[in-house]
Every structure is written in structure tokens, then in C-alpha cells.
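Here is how names work: the chains are called A, B, and so on, in the same order as the sequence lines, proteins then strands, and each is numbered from 1.
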There are 2 protein chains.
Amino acid sequence: MRPDGKRAQISRRVRLKDVAERCGVSTATVSRALSGRGYVEASLARRIHDMALRLNYPLPSSQAGRRVLLAASGAALLDFARSQFTLHVLEGISARCRTLGLEVETRHVSTVADEAALLEEAADDAIAGVLMLTIDDGGMLALARNFRKPVVLVNGDDADMRLSSVAPCNRSAAALATQHLRALGHQRIAFLTCPGRRTIARRQEGWRDAMGAAADPSLVIEVDDWRSDLAAEALSRRLATGMAFTAILASGDALAIGAYRALNAAGRRIPGDVSVISIDGLPQTQLLDPPMSVMAIPMQALGATALDLLCELAANPAAPRRRVELACELLRRRSDGPAPEGLAG
Amino acid sequence: MRPDGKRAQISRRVRLKDVAERCGVSTATVSRALSGRGYVEASLARRIHDMALRLNYPLPSSQAGRRVLLAASGAALLDFARSQFTLHVLEGISARCRTLGLEVETRHVSTVADEAALLEEAADDAIAGVLMLTIDDGGMLALARNFRKPVVLVNGDDADMRLSSVAPCNRSAAALATQHLRALGHQRIAFLTCPGRRTIARRQEGWRDAMGAAADPSLVIEVDDWRSDLAAEALSRRLATGMAFTAILASGDALAIGAYRALNAAGRRIPGDVSVISIDGLPQTQLLDPPMSVMAIPMQALGATALDLLCELAANPAAPRRRVELACELLRRRSDGPAPEGLAG
DNA sequence: GTGAAAGCGCTAACAA
DNA sequence: TTGTTAGCGCTTTCAC
């Protein structure tokens, strides 16, 4: 919503003046009260807010000039060095910040004590709110719930919905990829994963949903860390024991790259013998041989949406907390194809 | 985002002038191009849009003056007459429309043919997008997926995430209410529901999550319609067979009211003998005797958020589809209490 | 179809 | 803590 310019007297939108007149104060006072910048007496400010709400005045949701604190977990920073998922999310956050006139400051947070310090820093008036990137720890979530400013979880969520969050729709991403493979005739689709995070558990649920009765637990291959070498090793072992499957759904690009290696080493062609699809879809997956088919997570949008949500919550603290899930997109490249005849049935 | 006023020269936000200079045109032309009002040559308009994007100019996302079509299912309209859930959602939509300068028009849609007609009407330039209220039908959802303007499902969602949606977080609402009852010592908590809709299935999942091993299927009481009389009847029958429980979680207010009646008729005190909590939380539940404890769905916020989402999608058609879930709030009134001693163990 | 210029809503500086 | 006032960004009118 922006000012109307010349034609204003015709449009009957609510203006600052309307609110000011009904409250018996100047437009400047109303402006200060609604934007939160400058001094207005508390009870007057409340009266003005109520009137603005009653008249449906479009509240200025601008947080321009304020700062946002980004709490990044050790996991997020590790990933930063390793797979750049975090990097792309940060790009989305930064771009949106520039647009909205905010600034982000990153803080490394790995203990509840770190977080307490961060929350204390965030109490400052210049801070609009806190973004928490890839943080699952129950204690840290509990602490954040009682914070009086907006907190938005990025790439994670709160089961009890007491904190707002933005994450990819992991469950439907995995389900859609699995459905796609089934439509290509695959029946035994392995799920390669590194369990632990809630968001990753959701991906496994999606695979299970789409597999239905065919969700044989022995098709799940687990590794202890998001490392290609571990994934390659684990898959090679399974291959050696004669595990039967015609497709692999990997719950992360690093694992899928490990699968490529193990399959190459075992002489299995991609996608002739085994189709591979990965969830995440970092840009570098298109440079692999063959270019990898992926369920791409909208990483920039994840960051941008989180910031938008933070601003909305800052502008309207009474709004209910919300969980936002972003749709992922299947990018078909060269690593998936029809199930081989012999093994299809 | 709004104009900066006096201090503008200090803040280094991007202005119309910046875009205008880089494109070699006047600010007026850029204004027309970005707002879509007035005449700008198509190729120039595209150049201006690209530049605005590149410079991170805050695009005016205003849809003021346009219209929104609200497709309401038979179920929604039935509910309108019966429980006013729909009424409150509509209030949220209307209030937000007034704020944003849009208009809503409601269309009754019960067949795919109705919907096709609605979508044809929505192709008009003056229509910003379509809101679909309480619509689950697979065929109708499929048709909407291919529509080139924003479509937002209200009080429902798309399993495949190809349509955006806003709904209460039914699963956590039911889980939180159940956890609350368990914390009060209740062990046998009946779940009174009318199965059918996806959103209602989610509530049952939440009950099951929170019950864990205690989720005895015989604790689920199902009725065929959202009517108090049917719920009262069903519960009375169960009571007569000696069904043991100390609390009831109802998946809708109408059913909970039926439970009140059946319990009164059977001489069971609320909450002395049986605690009752309902999900929905329409205002009238506080007038019951005893005032009913509820998991309140933020109905106005549901409508308002749906409209905001529609506007965001209209302003940025490239954004990924999203599912938004709103937190519900436990309103403790007088119908829940500690489990009676005798039956608690 | 475009630019110049007028006019409006809003914010910030300043006085009280 | 508030109102006055200047001044900015944006939109619209109007001339071409």
C-alpha cells in the first residue's frame, strides 16, 4: 500500500488524518504511534492503535532501519562450509533485507547460554526480531517461546506451534519424488538418509506415504553424517549383500553424490540400471555426470519468506503464530528413467 | 513500505528515481509501469520491471481496486447457516479487503462445471485471484491447479502442494488439547468426530499422537454429520454400553454441544465426572453451562491471512506455492478439570 | 506513449 | 510528550 498522490480525494481509503481526527490528535502523533518511532504516551498509543484497527487503516508494516538477528546453529554453519544450502538461504534473506531496508547480523549459537545472550541483545529497540536457522534443540526452542519479540524458525519447525516457522514441505517433496519414480515403473525404491532432524524425518514419512505397502524397511539406508563418503560406503555394502532396488531417493545432495560413486564403482549405470533423485537440489547437482534429477528446495524463497513473516509478526504482535511450508519443484535432468525390465516386476 | 519523508536523503533505500535514471525515463513512467495503471509500452515496461528487480526496488504489491472471487462449497454455506465458522472467516476476509482496497464477490460452487465458469469469470483483468473456501473435491482442485492466477485454499489444503493454502494447524490443535487433558490426569480420552474431510483427519492424527499407546480405537466415536443431536445420540449409546472415559475431545463445537446434552441426560457432571474440550471455539461456546473450554481456531486471521497470501502471490507469480498453518489457542473455561480419582488410574 | 509539474500522504525536525 | 511545519516520494493530470 502506498500513498495516493493527486487523486487521493476521490479514493475513499482510510488515511492518517481520519485516525487523527477521531482521536483528536495530529497526524504526526498518529504516525509516531503506529510506526513505533518517537515518543507517544502509552495509553494514547493504544487508543490510536485501536482506532486504526477499527477504521481498517492499513498499518505501516515497515521495519526499515531496524536490524534482524540471525541465530545460526553449528549444524547450519557446518553445512555452510560443506554444501552451501545455508548460503543460498542467507542470500534470500539478504536480498529481502535490502529491499525492506533492514540489516541482518549473524550470531553463532550452539548452547542455551549463547541463545540467552542473543535474546538479551535482541531486546534492544533497534532489533525487529530473531531468525533461527536450522535449530532443533528443545531447550533453545523453549527459551525462544517466551521472548516478547517475533522469532521465526528457518528450515525447521515447532511441533507445538508456539513459534512461527518457514520450511520446505519436506513430506510432500519426498512423496512427489517417490510417486514420480513409481510412475516410471519403479517398485523397489531405496531411501538413503541421515536421520536425526525433524525435517528429515518428514522426508522419510513422505517416502513411506508414497510407497504405501511397498515401504519395505530394508529399503531404508541410514548413515551417520551428511557425507558422500559415508553414503557411498553404506550403499556399497548393501550392493555387496545383493540388495535389490531400481531407484534411490536420497534425502540430501551429499548422500546422492555418494550414491553416484558407489553405483559407478559397482558398474551400475545411471539411470539405465538405477535411477537417482535427490532432495535439496543445489545448483552444483546439474554439473554431475549424468546431471542429477532433483526435488529442488526454493532456498532463496525460504530466506525471503522468513523475513517477510518476521516483519508481519513485528507489525502485528497479536497475530497467531504460523507454520509456512514452501512447495518444492521436481527438476528432471538425466539421472532418472524407466525401471529396467528385468527388475521392474 | 512507505515513503520516507524528510530524512529520505540519508536512508539509502532504492527509489523510483534510481530505477528511472538507470532506464533513462521519468519517474512517472516507472510509476505507471510498476503499478500497472496507465499506458506504458510493453517492452519498456518489461525493462523497467527487470531493473526494479535487479536494484531490489520494493515493488508496490498493492492490488487496490481489483476484485477477488470467493468460491464457497456447499459444505461452507451449510456451515454458514449452522455454525457461523464460515461467517467469521468471511469477516476476516472482508476486513482485510477494506484495508487493502479490494472487493470480494462470493460464488456458490458445488460442481466442477460451476468452478469452470468461475475460473472463466476470474480470467478478467480486474480479478486479482480466487479464494476457495472449504473445498476438498479432487476434481475441483485439479482444475484450479492449472489456472494462471493465484488460487488460495482457505480451511483446506492440497496434499501435493500445487495450490497454496491457509488452514488452522488441526493436528497440533488436537494434540495440544489432548496433552492438556493428560496433564490433568486423564487417561481415557474419547475422541468425538465426524470423519470425511482431510482437515478433520488431521485432528484425529493429533489426538492419536498425544495419546500414544493409550490411543484405543474404541475411544473414537464417529457420527455422520456435524449435528448436536447425532452426537448426543451416539454418545448416549456408548454411555449405555458402559464405555469408560473421563474426558471427551470433540472435533467440532456442534458435536461438543451434543456431548453436553448426552452427559447431562446421563447424570454425569461436567467437569466433575467428564471433562469436555472442543476444537473450533465459536464465541457462543462461552455461553454454555458450564462455559466450554475450547481450542480456538483464529477464524478472522484465517480469512485475513488468506487474502494477504493471495496478494503476495498476485504481486510475485514466480513465488513457490505455500501451505500456511495457523496456531490455535487453548481457552480454558469451565468444562475441563482434573480426572476423577476413581477412574483416573 | 511520454515527461513536466502539481498535489497528496507521510515522516522528521524543531519548538513549546 | 505533543503540534507545527518543511520536505520527500509517489501518483495523477495535462500538454505534446
Side-chain angles (χ1 to χ4, degrees), chain A residues 1-49 51-52 55-66 98-102 125-126 128 315, chain B residues 1-49 51-52 55-66 98-101 315:
Chain A
M1 198 90 324
R2 41 194 56 251
D4 262 4
K6 228 175 192 173
R7 254 290 115 91
Q9 65 280 14
I10 286 179
S11 115
R12 267 334 299 154
R13 264 203 4 251
V14 184
R15 329 214 157 285
L16 272 190
K17 209 174 111 182
D18 300 317
V19 182
E21 277 171 5
R22 304 244 193 166
C23 290
V25 296
S26 71
T27 58
T29 304
V30 176
S31 171
R32 279 192 294 265
L34 295 181
S35 72
R37 290 169 229 278
Y39 307 94
V40 179
E41 194 223 350
S43 71
L44 176 58
R46 191 162 31 252
R47 259 180 51 222
I48 292 173
H49 264 102
M51 181 58 70
L55 299 181
N56 278 306
Y57 177 79
L59 287 169
S61 62
S62 168
Q63 300 293 319
R66 301 180 81 185
R98 258 171 287 142
T99 303
L100 300 172
L102 318 208
D125 273 347
Chain B
M1 195 89 326
R2 41 195 54 255
D4 260 5
K6 226 177 195 173
R7 255 290 116 89
Q9 64 281 14
I10 287 180
S11 118
R12 266 334 299 152
R13 265 207 359 254
V14 184
R15 328 215 159 287
L16 270 191
K17 207 175 110 182
D18 300 316
V19 182
E21 277 171 5
R22 304 245 193 165
C23 290
V25 294
S26 70
T27 58
T29 304
V30 177
S31 171
R32 279 192 293 262
L34 295 180
S35 71
R37 292 169 230 277
Y39 305 96
V40 179
E41 195 223 349
S43 72
L44 175 58
R46 192 164 29 253
R47 260 180 51 222
I48 291 174
H49 264 102
M51 181 58 71
L55 298 181
N56 277 307
Y57 177 80
L59 287 168
S61 62
S62 168
Q63 302 291 320
R66 300 180 80 185
R98 258 172 287 142
T99 303
L100 300 172

Can you tell me how far [atom2] of [N] sits from [atom1] of [X], to the nearest Å?
| X | N | atom1 | atom2 | answer |
| --- | --- | --- | --- | --- |
| B:Y39 | D:dT11 | OH | C1' | 16 Å |
| B:L16 | D:dC8 | CG | C1' | 12 Å |
| B:R47 | C:dG1 | CZ | P | 16 Å |
| A:L44 | D:dT1 | CG | P | 11 Å |
| A:L59 | C:dC10 | CG | P | 12 Å |
| B:R15 | C:dC10 | CZ | P | 17 Å |
| A:I48 | C:dC10 | CD1 | P | 14 Å |

Close side-chain approach of B:R32 to B:T29, heavy-atom, < 4.5 Å: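 Of all side-chain heavy-atom pairs linking B:T29 with B:R32, at least one is under 4.5 Å.
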Side chain proximity check, A:L16 to A:L34, heavy atoms < 4.5 angstrom: yes
Closest non-hydrogen atom pair, A:A33 against A:A45: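 Distance-wise, the nearest heavy atoms are CB-CA, 4.3 Å.
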Closest heavy-atom pair and its distance - B:T27, B:K17: CG2-CA, 3.8 Å
Short side-chain N/O contact to D:dC10 OP1/OP2 from B:Y57, under 4.0 Å: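 So the side-chain polar atoms of B:Y57 do come within 4.0 Å of the phosphate oxygens OP1 or OP2 of D:dC10, strictly under.
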Spacing of CD belonging to A:E41 relative to CD1 belonging to A:I48, to within rounding of 0.5 Å: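 With rounding to 0.5 Å, CD (A:E41) is 10.0 Å from CD1 (A:I48).
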Nearest-nucleotide pick for B:E41, side chain only, options being C:dT11, C:dT2, C:dA12: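 Selected nucleotide: C:dT2.
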Neighbours of DNA chain C within residues 29-37 of chain B, by heavy-atom distance under 4.0 Å: B:T29, B:R32
5'-most by nearest nucleotide on DNA chain D - A:V40 or A:T27: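 Upstream on the strand: A:V40.
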Greater than 12 external heavy atoms within 6.0 Å of A:R37's CZ: yes
